[in-house]
12 protein chains.
Amino acid sequence: MAKILVIHGPNLNLLGGREVDIYGKFTLQEIDAELKKIAKVEKVELETFQSNHEGEIVEKIGKAKGKFDCILINPAAYTHTSVAIRDAISAVAIPTIEVHISNIYAREDFRRTSLIAPVAVGQVSGFGMNSYKLGLKAAIDIAKRRPH
Amino acid sequence: MAKILVIHGPNLNLLGGREVDIYGKFTLQEIDAELKKIAKVEKVELETFQSNHEGEIVEKIGKAKGKFDCILINPAAYTHTSVAIRDAISAVAIPTIEVHISNIYAREDFRRTSLIAPVAVGQVSGFGMNSYKLGLKAAIDIAKRRPH
Amino acid sequence: MAKILVIHGPNLNLLGGREVDIYGKFTLQEIDAELKKIAKVEKVELETFQSNHEGEIVEKIGKAKGKFDCILINPAAYTHTSVAIRDAISAVAIPTIEVHISNIYAREDFRRTSLIAPVAVGQVSGFGMNSYKLGLKAAIDIAKRRPH
Amino acid sequence: MAKILVIHGPNLNLLGGREVDIYGKFTLQEIDAELKKIAKVEKVELETFQSNHEGEIVEKIGKAKGKFDCILINPAAYTHTSVAIRDAISAVAIPTIEVHISNIYAREDFRRTSLIAPVAVGQVSGFGMNSYKLGLKAAIDIAKRRPH
Amino acid sequence: MAKILVIHGPNLNLLGGREVDIYGKFTLQEIDAELKKIAKVEKVELETFQSNHEGEIVEKIGKAKGKFDCILINPAAYTHTSVAIRDAISAVAIPTIEVHISNIYAREDFRRTSLIAPVAVGQVSGFGMNSYKLGLKAAIDIAKRRPH
Amino acid sequence: MAKILVIHGPNLNLLGGREVDIYGKFTLQEIDAELKKIAKVEKVELETFQSNHEGEIVEKIGKAKGKFDCILINPAAYTHTSVAIRDAISAVAIPTIEVHISNIYAREDFRRTSLIAPVAVGQVSGFGMNSYKLGLKAAIDIAKRRPH
Amino acid sequence: MAKILVIHGPNLNLLGGREVDIYGKFTLQEIDAELKKIAKVEKVELETFQSNHEGEIVEKIGKAKGKFDCILINPAAYTHTSVAIRDAISAVAIPTIEVHISNIYAREDFRRTSLIAPVAVGQVSGFGMNSYKLGLKAAIDIAKRRPH
Amino acid sequence: MAKILVIHGPNLNLLGGREVDIYGKFTLQEIDAELKKIAKVEKVELETFQSNHEGEIVEKIGKAKGKFDCILINPAAYTHTSVAIRDAISAVAIPTIEVHISNIYAREDFRRTSLIAPVAVGQVSGFGMNSYKLGLKAAIDIAKRRPH
Amino acid sequence: MAKILVIHGPNLNLLGGREVDIYGKFTLQEIDAELKKIAKVEKVELETFQSNHEGEIVEKIGKAKGKFDCILINPAAYTHTSVAIRDAISAVAIPTIEVHISNIYAREDFRRTSLIAPVAVGQVSGFGMNSYKLGLKAAIDIAKRRPH
Amino acid sequence: MAKILVIHGPNLNLLGGREVDIYGKFTLQEIDAELKKIAKVEKVELETFQSNHEGEIVEKIGKAKGKFDCILINPAAYTHTSVAIRDAISAVAIPTIEVHISNIYAREDFRRTSLIAPVAVGQVSGFGMNSYKLGLKAAIDIAKRRPH
Amino acid sequence: MAKILVIHGPNLNLLGGREVDIYGKFTLQEIDAELKKIAKVEKVELETFQSNHEGEIVEKIGKAKGKFDCILINPAAYTHTSVAIRDAISAVAIPTIEVHISNIYAREDFRRTSLIAPVAVGQVSGFGMNSYKLGLKAAIDIAKRRPH
Amino acid sequence: MAKILVIHGPNLNLLGGREVDIYGKFTLQEIDAELKKIAKVEKVELETFQSNHEGEIVEKIGKAKGKFDCILINPAAYTHTSVAIRDAISAVAIPTIEVHISNIYAREDFRRTSLIAPVAVGQVSGFGMNSYKLGLKAAIDIAKRRPH
């Protein structure tokens, strides 16, 4: 059975009560519940993880090797600053999909550069909670095609 | 019934026989067929259009006003050079979704800047033909929520 | 009798229904009518032309040689991206006046650079439909002083 | 009766004897006389002012509040260096029109950036003395539409 | 009673024994004692917190919502690199004041850009321990004016 | 008795009636009155000065040598353009404190660079009239510690 | 028999009457005649094509696949702005030679960057009509060495 | 007896199974064993430490003051992003040597800038495990010359 | 008899008591006295002028036309910020020599760009008071060769 | 009889055994032999020269004045770094043709800027040994048209 | 027996009497003597070479092919300016190690870019004479592993 | 007796016959003769040296230590490219004066940056042969004040 790791980056634990015009009214718990529903239907295993610590995300990825078929990550603020997370993704060589709730290309200039994108398979951004759901569909597609 | 316009930019008519390691082996006809299957299931109308001419794409978008609920566009090379297509999208104010077959962030530097992204709702890139399918799902979701 | 060519660039056919806070409520037809009134009073011939195609504008300018005394152009989106239109203006050596409806210097950064301005006689921007009327007055002044 | 303030920036007192290929042979007195003729015809009051001092221009603008309906300014060299004049225009919130005798976009690179343009209504440049006359027409149009 | 959270960023635990020509001879304990004296006089509650971990600071801010009326932060090195702390401040929408012991504008180039400043209310820098005391006064002023 | 010179840069004479959402509703006279109250309590002499002229500010600073113990300056627009004021501060070697009413780091890009900051002791910005009061407190602290 | 496609970009139809100090007095017809003479001698087939439309050039290249052994292109203004033509050349994978009549490195800055050069075999520039003739010789050499 | 602290930055715990063409096949344990052999021969004490957390590295350095004579650090990804680690090294003023397994100057552009290098004594990069061994030799040389 | 105008820019009235390691111990009066001695020997008329006001310098240059054969200017801080002084020099077309007491190329980055240099005949910098004396010699040489 | 000087820059003596995928398998001797064959047929005199020393190339060009009708140069590495060779070409005013074996626009960024190109007549690059032969043809054409 | 070539770049012949705070008090002769001692112990052949001429260094490298197993180079000033030396190293394909006496990353900005580093195996910098000794050890390690 | 070394950089041997509108009609021999006349009058020893080789100039400067009191150098093209000459000047610590015949600030952009200026005492440029004569006077003044 294919296994997918979902990683939520910094401040995403505040969803629902945070700048709702940019990020929407749903909570992280609601996102995870939605993703698990899809996983159940699609018959894949799903583990979710949120951390505000760059180092914890690095470690989570480091330990994912051999355990997960695909990573779905919303690196949030670390998208633009973390070479360490980028290196972790390269190191474990697990196909990784980057998602963003907001359209990062319609915001401040510094949000337009993703250090993660060049090592990811692909990117989904701007669709609110739907970014996660579409990203998960892409992840499942990739995970299922990998040998177990 | 919600209506969606799919626009394919320059050189996409060459898909299938073009740099297959970057763009895959499927043809434009195969993409359109896949998208129409989804449309049928989801009960939305779909029109597809390919052009190598910036001006024709500008005109297609200009005439979409009042006719379509959502635009799904792969602007291809014009992603990086066309202010005219960007202005057309702003002018008609139809929600627009940008898709890319390849991961444009893992290629030449000039491909990392999209003039379209800031006026689009969101972006899907890097999943091959799947970029279109995921983008269409996002489009359908938006189109169905609009009043007709 | 002096002859003036008025060229409207991409998306200007959408005027009136397009971002009215930036571009105003008047249509392209209304602009042309206003300009023709002035032309009649000033006893100059006027031809107007709109295209969304960079190539068509290039060709229109190329064929203007020997036929027109002055060109009045609102290059719209091509202001910022078209070396071809710039080269066409240089090639025919007809005095050219650049106009913009909105104040392009108070908008996005990429709109602050005009590839056309260095080969134009002068520029009028920011006065809504008045930009065209003032530009036409400048054009008439130049056209009348040229030998026929 | 609408009132318009015309401000001439540094070195414009030298017109007529200064780089005539760039700035023409007319003097500042001749410009002012031309503008006053138009004002008389159009039934608006006109005050003209020249200064080589950034601070004096800042003060003239500061005192214009409540007295003038529109400002017509050729900031000359201060176009490119004066945040203080820009701030004065923002502070008094009187609609302001920027004019230039020469085509500043066809000269040295540093002349292509105007600190004034983003806070002005619009800009006229490159038509010699005509830039002032066209700018005045735009100013009159705006001034007459303001309530007195 | 108004409540203020004081956050000290990385390496500030080393104050007193660290580059004393730049940072002075006082310790972090001495700063906190001084701030508490002021708080007592001004009748506000004060909590102080130091961390070398970007993630811990992000979490501290995230949990401050609804508990504190104002945040006083010396982000130290994270001033120049942390989008995550910036996002946390935006997310909780608590007025935040940025302080620096040294004059960051008189040091290396990379210290002149603060990612925090655009989302802070204001900034105090260069006055040694006094930066904190002045910042606290500003914070108290803001905190007292907020409804409890 | 310690003596402090307060310098207000260009357009600050317009305070109270100028962009009140950015600069507040208080007038320059009110600021000066507040500062004088503090000076009286703290038993320091205070002289205040406003000018829209870069040259006058340069001269005021030049003549301050040997007369004042500290300078409190809001250079306003000249913050970003005046090397002359910077050089004057360096020349007289009187400790100088820079204040700003608004948060200059949350505004246009060109306002983020201060030519004055590297030669100032420190900077206070973003607290409205409070910026002046906090800056004066810092100034008094410095002035009192200097030998007379 | 080897087949070579010659493509002339925008405004080259104006040759002979256009800025003769830069582009020379010969017409496009004369260039084509010269090239055909060489082709006859060298026993290669030659097709020539001129267009002012980026999209038409893209299509011409797209259809060249399997029909031509080598492309000789003077992209003119599109040299500096067309990612679409670059992508077309990459897509069809026909060896392509870039020629320029003038020395583009001795002109305006924006003419020094060619988007086409990195995907071309080589480049000839600065020799007037001779650039075409030398480029054709290089093309013939390449075309003859390809299997038919 | 001289004491040396060896710090391994993020993802180095993955060595041996990570991009072996860039980083080699040896594990972190093997590096540490090699370094300890050298330490034994040279009669210096050696402590090794790995962390994926920027904050933990900052703290480890902060606590090294007075305990270690030299630091040998491979900051890995934090080389390019951590002002906090740089400040920690400056704060404790222990001579520090920077090592890299790969030649960071032959990789992506962003890897060419080290925030650590300007505060380090020197740098060794590109020699695989040998970078550590050579760096340790340099460290021992420095540590032995310091008074204990 | 040839006439030379010497202009001293802002803060030069403070010479002698200002940063003596950069600018030396001599006063402006001493410089003027030295220059007058040379003028007497060389039989040229000399007028000296100091101002802290950009506008006054602009006016002084504007009025020099027809009265002086050469201008010797130390624009001081205005070297780097005044387009107005540059334009004044161009406007009067009097040969102008730029001098600097210090070596501006060995100081802060912003001092390395002179707006004046491109319109001056030449530049002398770095020789303390000698810069003026050498500059005057160059000026005399030029002034004497002009017809009177 | 027209005379042409061929100059080969640094490292070209290593051709044949050097990075054959970039530079081909032919030696410098073979290139010279090919060029001499053409010269014989075309009845022009040819001198060839190779040097690894910038200064020697500068001198060779300096002495070419009055002796040669055209220079054919492959400046190799000095293309990107030698102002001295550029100045030598300007100084002797002999028409000069720049050639490159490889397509310098498809390699490292720093190879895309040629200091020589702006003072050369034209440039041929990317055709292997053919670049020299085509360049020589252009040179002969120019040389023959010059008066002897 | 493995053979190593040591190349010292420009001005290194002045060591010992040159800026001793940056470069130390040892002479080039002393460095060479130290290196030869190590070579003797390690049983490798060593040739040392110093030149102030870029061209001579290029030639020395060019002739090293087939004779040396490794090159140890301190390119000194040519580090930052010589594409020719870089190309020579690429051309001969001998593994090359770059050393610097000083920490080039703690000096002027232009010293932070090495044109040599991307084609070297690795780099050692900042350890005074020790940089050479450590670099030689790395060189010996590489040289011994190569087949002879 | 004070001794001065005059160094002429590349291509200066061509003076008199080279771009006379930029460099004048005088030859290098005439410059040297003029300088020697001055030296004789001023009773200083003068040695002149011209080279087109960067390395020879480096060596000449290296050997000047202890022999010359001042260096007068026109680095010509090497002004903008030679770190080696800059380092040589720093290494010998002889006061050095930089001269230029033309006004380098009124020419191409790349000529506006001098690598030599920051390590020179001062700079004279733009006065034709007079630049040398004024520079020599400055040199004599410095040389005479040094102890012998």
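Throughout, a chain's letter reflects where its sequence line sits, starting with A, and its residues are numbered from 1.
- Interface remark: L:Ser90 contributes backbone and side-chain atoms alike to the contact with chain K (heavy atom separation under 4.5 Å).
- Residues K:Asn11 and L:Ala84 come closest through the heavy atom pair ND2-O, 2.9 Å.
- By the 6.0 Å contact criterion, NZ on L:Lys65 is enclosed, its count of non-hydrogen atoms from other residues, nucleotides or ligands being greater than 12.
- Annotation: ring-ring contact (aromatic ring centres under 6.0 Å, His included) contacts of L:His8 (sequence neighbours excluded): L:Tyr132.
- Residues of residues 31-62 of chain L placed with any heavy atom under 4.5 Å of a heavy atom in chain K are listed by number as L:Glu54, L:Gly55, L:Glu56, L:Val58, L:Glu59, L:Gly62.
- The heavy-atom pair separating K:Thr81 from L:Thr81 by the smallest distance is CG2-O, 3.4 Å.
- Each salt bridge (charged side-chain N to carboxylate O under 4.0 Å, His left out) pair with one or both residues in residues 71-97 of chain K, not counting sequence neighbours, appears once here: J:Arg18-K:Asp87, J:Glu108-K:Arg86, J:Arg111-K:Asp87.
- Within residues 95-106 of chain L, no residue approaches chain K closer than 4.5 Å by heavy atoms.
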